[in-house]
Amino acid sequence: MVKVDLDTLAPEERRLILVASDATYRTLTERVDWKSIGKLAAFRVISTAAPVLSLLPYVSATVGDALARSGWLAPTWTRALASLSDLRAPSFRVGEIPIPHLPPGEAARRFRFDHGAPEDGAAYVLNPVRADHYVRPASLNERLAQEKLAAFLRLAAALGASEVIVTSGESLDTEGRAAAGAPLPDAAGQIGLHASFRSAREVDRGVVARFDRPTAPAAVPEDLRGWLAVDPILDGLARTRLEARLVELACTLSFADVVDVGAEACLALEGKGIDVGGRYRALRASRWSFVVRFH
């Protein structure tokens with residue numbers, strides 16, 4: 001059984017982790033598909049020195065093509081496979097799954113998880129804006145969309161907003177263009193946006209949030225800085241308010257998949273007996289326009 005010292009991993013090298021006790025890990029690894037692993041012989045160069053391991057075929061055989069192709073998880077695979085470089089084909093041990101794993105107790109001490117302690121035998125994906133927070137793969141992109149909207153509203157309040165008004169909305173296709181996709185009320189409900197609608201395709205202009213006069217100077221909450229680092233709209237809102245006498249600003253926020261770990265990846269993990277948090281909840285991509293007014 002190969003374990004990785006979590007203290008030696010940078011956040012990008014542990015973007016996917018498996019929480020499992022020793023007993024659970026042994027049970028999970030016994031379910032590896034030996035026929036798939038056997039196919040790796042064609043990609044392995046055996047020598048008297050250290051063998052050369054092809055990254056994509058090994059990950060694909062052990063955890064599936066979708067996870068192997070993930071750009072978000074690529075640094076994790078590179079580091080994990082470095083610790084497995086002593087493998088010899090064709091005798092692949094069942095315990096060699098290239099996902100950093102740790103027992104539930106250690107996971108709870110090191111990181112933060114939704115709904116309390118992490119589950120034994122479950123996979124978790126790193127939150128892109130919080131380096132110590134892990135989310136179940138099945139709900140990851142939906143959760144991030146909800147967090148983004150919440151971050152926007154909290155940021156507006158912290159900067160001294162009097163109200164936030166939604167002015168329009170539209171569904172998006174896979175390329176991020178306006179499309180006749182999911183009904184807007186469904187898209188709004190998924191991200192936690194409370195709004196009124198004239199029809200399934202048209203939102204009523206209305207107040208989303210209203211705030212009393214602030215009791216502290218305008219500032220960016222420390223726990224929201226991760227969002228400013230990855231979203232230029234939120235960063236621009238903060239900078240404009242803090243650096244100028246901004247009284248009103250129109251802005252547009254888009255909500256779409258952030259991490260390329262989707263339904264196919266979740267099915268692959270479930271096929272190995274790993275809990276992903278239920279059925280994958282696909283995010284309905286959408287774009288919303290707002291007006292933020294300040295005191």
Side-chain angles (χ1 to χ4, degrees), residues 114 127-129 135 138-216 218-221 223-224 226-228 230-242 244-259 262 279-295:
D114 292 339
N127 187 322
V129 296
V135 183
S139 58
L140 177 64
N141 283 304
E142 181 184 69
R143 167 62 185 267
L144 290 174
Q146 294 168 356
E147 283 196 10
K148 181 176 179 177
L149 179 64
F152 168 59
L153 295 176
R154 283 189 57 213
L155 178 63
L159 294 173
S162 60
E163 60 183 9
V164 176
I165 301 166
V166 62
T167 59
S168 66
E170 56 188 352
S171 294
L172 304 176
D173 62 17
T174 56
E175 302 299 323
R177 298 170 299 198
L184 279 180
D186 292 348
Q190 194 172 31
I191 65 175
L193 175 62
H194 299 286
S196 299
F197 298 87
R198 295 193 187 97
S199 68
R201 307 295 178 205
E202 191 174 6
V203 63
D204 268 331
R205 180 187 176 99
V207 175
V208 174
R210 184 174 284 121
F211 308 99
D212 202 349
R213 288 190 173 276
T215 57
V220 176
D223 64 320
L224 296 185
W227 277 108
L228 271 62
V230 300
D231 193 292
I233 301 300
L234 298 182
D235 184 57
L237 171 63
R239 289 179 181 274
T240 307
R241 173 61 175 170
L242 294 174
R245 301 183 64 181
L246 182 69
V247 295
E248 183 172 309
L249 178 71
C251 61
T252 300
L253 296 181
S254 296
F255 298 86
D257 287 351
V258 174
V259 177
R279 184 177 181 180
Y280 179 74
R281 294 191 282 280
L283 180 63
R284 300 174 176 88
S286 59
R287 180 164 52 226
W288 304 85
S289 294
F290 300 91
V291 171
V292 184
R293 291 175 178 163
F294 293 90
H295 286 287

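All of these numbers come straight from a predicted model, not from anything done at the bench.
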Taking all heavy atoms of Ala195 and all of Val166, pick out the closest pair and write down the distance. CB-CG1, 4.2 Å
I'd like to check the side-chain hydrogen bond (donor to acceptor under 3.5 Å, both in side chains) partners of Gln190; sequence neighbours left out, ordered by chain and number. Glu142
Cut-off 3.5 Å, no hydrogens considered: what does the side-chain donor-acceptor table look like for residues 148-155, sequence neighbours left out?
residue : atom : partner : partner atom : Å
Lys148  : NZ   : Asp231  : OD2          : 2.9
Lys148  : NZ   : Ser254  : O            : 2.6
Arg154  : NH1  : Asp223  : OD2          : 2.9
Arg154  : NH2  : Asp223  : OD1          : 3.2

In short, salt bridge (Lys or Arg N to Asp or Glu O under 4.0 Å) pairs touching residues 183-192 with sequence neighbours left out are none
Distance-minimising heavy-atom pair for Gly236 and Thr240: O-OG1, 2.7 Å
Rounded to the nearest 0.5 Å, what's the gap from CZ on Arg281 to CG on Leu140? Could you check? 10.5 Å
All side-chain contact (heavy atoms from CB on, under 4.5 Å) counterparts of Pro128, not counting sequence neighbours: Trp72, Leu144, Val258, Val259
side-chain contact (heavy atoms from CB on, under 4.5 Å) partners for Ser199, two or more places apart: Arg201, Glu202
Just so I know, are the side chains of Phe290 and Leu237 near enough to count as touching, which here means a heavy-atom distance under 4.5 Å? no
What is the minimum heavy-atom distance between Ala145 and Ile191, and which atoms define it? CB-CG2, 3.8 Å
If you measure from OG on Ser286 to CG on Leu193, what distance do you get to the nearest 0.5 Å? 8.0 Å
Answer yes or no: is there a side-chain heavy-atom contact under 4.5 Å between Leu242 and Val220? yes
Val292 vs Leu159, side-chain contact (heavy atoms from CB on, under 4.5 Å): CA-CA, chis, key distance, verdict: CA-CA 10 Å; Val292 184; Leu159 294 173; over 6 Å; no
Contacts of Trp227 meeting side-chain hydrogen bond (donor to acceptor under 3.5 Å, both in side chains) (sequence neighbours excluded), chain-then-number -> none
Ignoring hydrogens and angles, write down the donor-acceptor pairs under 3.5 Å from the side chains of residues 203-214, residues two or more places apart or on other chains.
residue : atom : partner : partner atom : Å
Asp204  : OD1  : Arg198  : NE           : 3.0
Arg210  : NE   : Glu163  : OE1          : 3.4
Arg210  : NH2  : Glu163  : OE1          : 3.4

side-chain hydrogen bond (donor to acceptor under 3.5 Å, both in side chains) partners for Asn141, two or more places apart: Tyr280
Measure across Phe197 and Ala188 and return the closest heavy-atom pair with its distance rounded to 0.1 Å. CZ-CB, 3.7 Å
Val164 versus Ala156, closest heavy-atom pair with distance: CG2-CB, 4.0 Å
With sequence neighbours excluded, what pairs up with Asp235 under the side-chain hydrogen bond (donor to acceptor under 3.5 Å, both in side chains) test? Arg239
Above 12 or not: heavy atoms from other molecules or residues under 6.0 Å from NE2 of His295? yes
Closest non-hydrogen atom pair between Leu228 and Ala238, with its separation: CD2-CB, 3.7 Å
Not counting sequence neighbours, which residues clear side-chain contact (heavy atoms from CB on, under 4.5 Å) with Ser289? List them please. Thr167, Ser168, Thr252
Please examine the side chains of Leu253 and Leu234, heavy atoms only from C-beta on, and report whether any two atoms are closer than 4.5 Å. yes
When rounded to the nearest 0.5 angstrom, what is the spacing between CG in Leu283 and CZ in Arg143? 13.5 Å
